[in-house]
Amino acid sequence: MNIVQTAKLGAFSAVLFLSYGLCFVQAAPIVLDFEDLSPSTLDVIPDGYQGFEWRGVGEIVNLSMAFYAPTLRSECSTTGGIFAGGYCNGTTSGEYVAFRGTGSGAATIRRGRAFNFEIAFITSPWNDGEDLVIRGFRDGIELYRDLFIIDTVSPTRIELNYLNIDTLTFQGTGGVNAGYGSSGEGIVIDDFAYSDYSVPEPNTVPLLAISLAGLWLVRHRRIMHIDA
């Protein structure tokens, strides 16, 4: 193979690699730390926040998830308070967390546009050894399900790769009361990371086909030259 053919082959290989990468590139994750929901210290997360619906707190109006800054109310102590325990210990950044309290049912995060769930830090409000079931759905069909054990002492880093979902549920049940002055099941969430799900761009498919055709042409001409 001469220098020209080598250069052609290298160029076509580079285009092939680029087109392959474009087909499978994934958007950078977006991290929700809930700090932009201040200055309220206890309120529901409004539907539409970051494009999601936030549902599943039985004791909060509209059955929405809520956000809270326990440190602003001086409730983070070992003696307990209205909100202590995992609400305080589950804060991984800033002062605010999202939570589903002691109401029944799962915390539900829903969006009309498909997304990928990547990472979240989750703590139990009052119980140690609480079971946490996470489920991912697309168009009402369950695609993913995982079980974790969480406690009140520190957040558990949950790293999953739930792709192309529109609904995510978290449900905590069971466990043993940790003695913070209250009781109940639920979850506390901070630093929820997700990314937008996207299909390959339409023009990457023709680009891939052209790259493959170019590689075949170079190889075909090389074989003809050897036979001659």
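The figures here come from the full heavy-atom set of this structure, side chains too, leaving out hydrogens, waters and symmetry mates.
In terms of heavy atoms, G186 sits closest to P125 at O-CD, 3.2 Å. Nearest heavy-atom pair across E185 and G172 is CB-O, 3.5 Å.
Looking at residues two or more places apart in sequence or on another chain, you find no side chain to side chain donor-acceptor pair (under 3.5 Å) involving D131. The side chain to side chain donor-acceptor pair (under 3.5 Å) check on T156 picks up nothing, with sequence neighbours excluded. In terms of the ring-ring contact (aromatic ring centres under 6.0 Å, His included) criterion, residue partners of Y144 (sequence neighbours excluded) are, by chain and number, Y162. Legend: residues meeting side-chain contact (heavy atoms from CB on, under 4.5 Å) with T123, ordered by chain and number and at least two apart, are P155, V188. Taking T167 as the reference, nothing meets the side chain to side chain donor-acceptor pair (under 3.5 Å) condition, with sequence neighbours excluded. In terms of the side-chain contact (heavy atoms from CB on, under 4.5 Å) criterion, residue partners of A178 (sequence neighbours excluded) are, by chain and number, D128, T152, Y180.
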Can I get a per-line list of side-chain donor-acceptor pairs under 3.5 Å for residues 135-142, giving both atom names and the distance, sequence neighbours left out?
unit_1, atom_1, unit_2, atom_2, d
R135, NE, E142, OE1, 2.6
R135, NH2, E142, OE1, 2.6
E142, OE1, R145, NH2, 3.1
E142, OE2, R145, NE, 3.1

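Clustering of Ile, Leu, Val, Met, Phe, Trp and Tyr side chains at separations under 4.5 Å leaves I149 isolated, with no partner residue. Under a 4.5 Å side-chain heavy-atom cut-off, the cluster of Ile, Leu, Val, Met, Phe, Trp and Tyr residues that includes L147 is completed by V133. Counting side-chain heavy-atom gaps under 4.5 Å among Ile, Leu, Val, Met, Phe, Trp and Tyr, the cluster of F121 also holds I119.
The OH atom of Y96 lies 8.5 Å from the CG atom of L37; values are rounded to the nearest 0.5 Å. Taken from CD in E130 to CG in N177, the straight-line distance is 11.0 Å, to the nearest 0.5 Å. In this structure, D190 CG and N89 CG are separated by 12.5 Å, a value rounded to the nearest 0.5 Å. In this structure, the separation between CD1 on I45 and CD1 on I189 is 8.0 Å, given to the nearest 0.5 Å.
D191 and S93 share a side-chain donor-acceptor pair at under 3.5 Å.
Between Y87 and W126, the ring centre distance stays below 6.0 Å. In this structure, the ring of F192 has its center no less than 6.0 angstrom from the ring center of F34. Separation of the F52 and F115 ring centroids falls under the 6.0 Å cut-off.
The shortest side-chain heavy-atom distance between T108 and E53 does not fall under the 4.5 Å cut-off. F148 is listed as a side-chain neighbour of L160, based on a closest heavy-atom distance under 4.5 Å.
Residues in residues 167-177 take part in no salt bridge (Lys or Arg N to Asp or Glu O under 4.0 Å) pair, two or more places apart or across chains. Sorted by first and then second residue, the salt bridge (Lys or Arg N to Asp or Glu O under 4.0 Å) pairs involving residues 146-164 (not counting sequence neighbours) are R157-E159.
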Discussion item. Between T169 and R100, does the side-chain contact (heavy atoms from CB on, under 4.5 Å) criterion hold? Intermediate values first, please.
Written reply: CA-CA 11 Å; T169 67; R100 184 197 73 78; over 6 Å; no

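No donor-acceptor distance shorter than 3.5 angstrom exists from the side chain of E95 to the backbone of E35, with no hydrogens or angles considered.
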